[in-house]
Amino acid sequence: MSRGETVNQYTKALKQGRKTCSERLTRGEYPYLQILDEILDDRMAAGHVDVGVIEIPMDAIVGTKTEGRRSAFSADFMPLLPPDSEFALKWMALCEAHLSNEGIRDPIHCYEYMGRFYVLEGNKRVSVLRSYGAASISGSVIRVIPAWSDDPGIRAYYEFSESYPLTRLYQTRFTRPGSFLKLQTALGYDPDHVWTEDERRLFASGFARFREAYRKQGGDRLPLAVADALLVWLKVYPFQRLLDAPAAEINKSVATVWPDIRGLLQPEPIAVSIESPEDAAEDADAAEGPGLLGRLLGTRPAKLRIAFLNEYQPDESDWIRAHDLGREYLETVLEDRVTTRAFYGLRTPEQADEAMETAIREGAQVVFATTPSLISACRKAAARHPDVRILNCSVSMPYAGVRTYYSRLYEGKFIAGVIAGALSQSDRIGYVASSPIFGVPASINAFALGAQMTNPRARIELRWSCVEQDPMGAMAKEGLRLICNRDLPTPDRMCEPWGLCAADPDGSLRPLAAPYWHWGNFYVKLVKSMFSGGWDALKSQDGRAVNYWWGMYSRVVGILLADEIPAGIRQLAELLQRDIENGSLRPFHRTIHSQDGTLRTDGGRWFSPEEILHMDWLCDNVDGSIPKFEELLPFARPIVRLQGLDRDHLPPEKEATIL
């Protein structure tokens, strides 16, 4: 290499360094290298570990151990000193070594803290190799272990420290606890799998290709680890694509999941819609004309082809039957503007993916998937077909490309509790809950508060159908005469023991009051909002997902009362329902203590929809607890993995959907 070439390389690097400083100063940012000695004090470190010599990702090197070279480098390790300085001459000599047969062989010496590297010896080697675009550099590393705390970043780092012996790669560092196990699962490995040299090499290669696509999309401007974004991508695409696909295809695939990646930045990744957009205006106007919103947005369709994806046949599942009746109701009400097609028996991921693609190929503009287990097919289709409106019947799924929908059934449970408290003669009332998933504790608590409203002495005995085979029968044998069973799937099943039931001495059960879903109302109102422009009005601009969580106000939840309910109690229940519908009554707007004595609210503040949806505590008049995952019967575990209160803390399974 000629002298002129080394001078040119230094001149180019110097220009880049000065540009970096100028841009950072303009943005009000520190323009030079970070100094570990200024960041870290003894209280922040729990100890040191000699990691040995490893390949250090170049973009993870952010500074120096001491302040000796503070002004010699810009924040991206480009040189800042004049070309005639001794520093520049040594820098150019390293250029010659790098391009010679000998190369730069000696490892640098550095400290690593929280996944970032600070050079003690070898700054110019880092600078030279970075100027040539090197992806990594050999280095001898001392790891500084941060003092333990419950901060998510510290917890995630400790998890990385535990996983590092399995991978020996720094590319697998995440900012969210639990992510490494999800990575192992996404790659098809067992949780304790030790990576081979070939597996490390292939992962590093695929990771580098993903990182390049991520940066082209603007990832360098996001405060995320690249591994965080990769895990989002792996929920839709197989890792092998990073090794086989052309760069343009990888770039496109990253763009399709970009809204979900940006959603990681949100403290609340889901925007909850608690009422129908159509309830803010006249339904008739929305059905007959575009309205001002639709005219402004210009995206109002004239007709819609809608597909419904179902895991089971209607005669196999009350849940599917309820949604199928809702589909039929939608066709009846909007027969001149809507055509539907239903797919049933989608038991495997392959069947769900095939049905989704068939529906879209046949022209479906809207797809409703009626169970949470179909979320994976929804996400894949949303990435491939961003113009199709895809919804999954579930809650708290943080994917911007797929909207979710459910109902505020706790409102009906509150009224059932009021009735139970008024009818109770022993102060002991039974309650059978389904599974510890989002929204279920809210229903339990609403029922308990309702019972307390009409009987201050009422105690709710809580049992779980996901833990024991016949909790309702067991409570009846124990002498409980009022028991709240699972909710009514469809209004035509009132003669069966759904909802609040009276347990007679002979063991028979008489339904008294049953909250129920009216999915037909939901589908009609939501589809009308698509015609009037309401869908586009809810489009998230900040990467958050949209979750429709409608209740009595939107007529999506109701309650049926048996003829034998006394007239006064019936009148009270109907009055409460009207008050909930018009928004003048909210079940949780009162003084509430949880079982451990904590004051959850003094009645002076409203719980947000997110707080209600994610309740993981029980009111102080509830006797019982929320079961742990290991206590659940096998049939309940898949739904708890998808929708459970503790799903983020459960180790993933290879055959399960990775969230």
- Query: After noting the C-alpha distance and the side-chain angles of Arg379 and Ile375, does the key distance pass the side chain to side chain contact (heavy atoms under 4.5 Å, CB included) rule?
  - Reply: CA-CA 6 Å; Arg379 291 208 64 224; Ile375 187 64; 4.2 Å; yes
- Message: Under the criterion side chain to side chain contact (heavy atoms under 4.5 Å, CB included), I'd like the reasoning laid out for Thr256 against Val236: C-alpha separation, chi angles, the key distance, then a yes or no.
- Response: CA-CA 10 Å; Thr256 64; Val236 178; 5.7 Å; no
- Test salt bridge (charged side-chain N to carboxylate O under 4.0 Å, His left out) applied to Lys235 and Asp260, step by step: CA-CA 11 Å; Lys235 294 171 185 176; Asp260 290 342; over 6 Å; no
- Would Arg486 and Met472 satisfy side chain to side chain contact (heavy atoms under 4.5 Å, CB included), going step by step from the backbone distance to the final call? CA-CA 10 Å; Arg486 296 180 64 182; Met472 198 164 185; over 6 Å; no
- Verdict with reasoning, Val366 to Leu391, per side chain to side chain contact (heavy atoms under 4.5 Å, CB included): CA-CA 8 Å; Val366 182; Leu391 301 99; 4.0 Å; yes
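Taking the six-membered ring where tryptophan is involved, the planes of Tyr410 and Phe588 are tilted, since the angle between them lies from 30° to 60°. Using a 30° and 60° split on the angle between ring planes, Tyr516 and His518 fall in the tilted class, from 30° to 60°. Ring geometry for Trp550 versus Tyr548: interplanar angle over 60°, hence perpendicular rather than tilted (30 to 60°).
The shortest distance between side-chain heavy atoms of Glu199 and His193 falls below 4.5 Å. Using a 4.5 Å cut-off on side-chain heavy atoms (C-beta onward), Leu632 and Pro627 make contact. Looking at heavy atoms from C-beta onward, Tyr406 lies out of side-chain contact with Pro372 at the 4.5 angstrom threshold. Using a 4.5 Å cut-off on side-chain heavy atoms (C-beta onward), Val338 and Phe531 make contact. Put simply, the side chain of Met530 does not reach to within 4.5 Å of the side chain of Gln365, judged on heavy atoms. For the pair Asp616 and Pro441, the minimum side-chain heavy-atom distance is 4.5 Å or more. Side-chain contact check for Glu581 versus Arg555: some heavy-atom pair is nearer than 4.5 Å. Residues Cys378 and Val367 are not in side-chain contact: their nearest non-hydrogen atoms beyond the backbone lie 4.5 Å or more apart.
Of the possible polar contacts, one joining the Glu316 side chain to the Gln313 backbone as a donor-acceptor pair under 3.5 Å is found. Glu631 places no side-chain N or O within 3.5 Å of a backbone atom of Val467 that could act as its donor or acceptor partner. Panel note: side chain Trp549, backbone Ser273; no donor-acceptor pair is recorded below 3.5 Å. At distances below 3.5 Å, not a single donor-acceptor pair connects side-chain atoms of Ser465 with backbone N or O atoms of Asp470. At least one donor-acceptor pair under 3.5 Å links the side chain of Ser163 to the backbone N or O of Phe160. The main-chain N or O of Gly178 is found under 3.5 Å from a side-chain atom of Glu159 such that the two form a donor-acceptor pair. With hydrogens and angles ignored, the 3.5 Å screen pairs a side-chain donor or acceptor of Ser529 with a backbone N or O of Leu526. In this structure, the side chain of Ser554 does not engage the main chain of Val556 through any donor-acceptor pair within 3.5 Å. Listed for the Arg341 side chain is no donor-acceptor partner under 3.5 Å among the backbone atoms of Glu362. The backbone N or O of Arg389 sits nowhere less than 3.5 Å from a side-chain atom of Arg403 that would complete a donor-acceptor pair.
Among the candidates Trp519, Phe343, Tyr523, the single residue satisfying the ring pair (Phe, Tyr, Trp, His ring centres under 6.0 Å) test with Phe308 is Tyr523. Of the candidates Tyr189, Phe239, Phe203, Phe203 is the only one forming a side-chain contact (heavy atoms from CB on, under 4.5 Å) with Leu183. With Ser396 as the partner, the side-chain hydrogen bond (donor to acceptor under 3.5 Å, both in side chains) test is satisfied by one option alone out of Glu610, His614, Gln643: His614.
Between the CG atom in Leu462 and the CZ atom in Phe447 there is a gap of 10.5 Å [rounded to 0.5 Å]. Note that the CD1 atom of Ile274 and the CG atom of Leu613 stand 11.5 Å from one another [nearest 0.5 Å]. Note: Trp464 CH2 to Ser435 OG = 7.5 Å, rounded to the nearest 0.5 Å. The line from CG of Asp315 to CD1 of Ile320 is 11.0 Å long, rounded to the nearest 0.5 Å. For the atom pair OG1 of Thr185 and CG of Leu231, the computed distance is 9.5 Å after rounding to the nearest 0.5 Å. One finds the CD1 atom of Ile261 at 8.0 Å from the CG atom of Leu222 (value rounded to the nearest 0.5 Å).
Using a cutoff of 4.0 Å between basic side-chain nitrogens and carboxylate oxygens, Asp318 and Arg321 are not scored as salt-bridged. A salt bridge between Asp324 and Arg327 is present, with a side-chain N of the basic residue lying under 4.0 Å from a carboxylate O of the acidic one.
For the pair Arg637 and Phe629, the cation-pi test (distance below 6.0 Å, angle within 45°) is passed.
For the residue pair Trp319 / Thr370, no side-chain donor-acceptor distance below 3.5 Å is found, with atom types taken as modelled. Of the N and O atoms on the side chains of Asn392 and Tyr399, not one donor lies less than 3.5 Å from an acceptor on the other residue. A donor-acceptor contact closer than 3.5 angstrom links the side chains of Arg361 and Thr358.
Residues Gly345 and Gln351 approach most closely at O-OE1, 3.3 Å, considering heavy atoms. The minimum heavy-atom distance linking Asp244 with Arg209 is given by the pair N-NH1, 4.2 Å. The minimum heavy-atom distance between Leu618 and Ser625, with the atom names listed, is CD1-CA, 3.9 Å. For the residue pair Arg463 and Glu468, the shortest heavy atom distance occurs at NE-OE2, 2.8 Å. What you find for Val557 and Gly412 is that their closest heavy atoms are CG1-N, 4.2 Å. Between Asn485 and Lys413, the shortest heavy-atom distance links the atoms O-NZ, 3.4 Å.
The 12-atom threshold is not exceeded at CD of Glu354, counting heavy atoms of other residues, nucleotides or ligands nearer than 6.0 Å. Shown here is Gln469, whose CD atom has no more than 12 heavy atoms of other residues, nucleotides or ligands within 6.0 Å.
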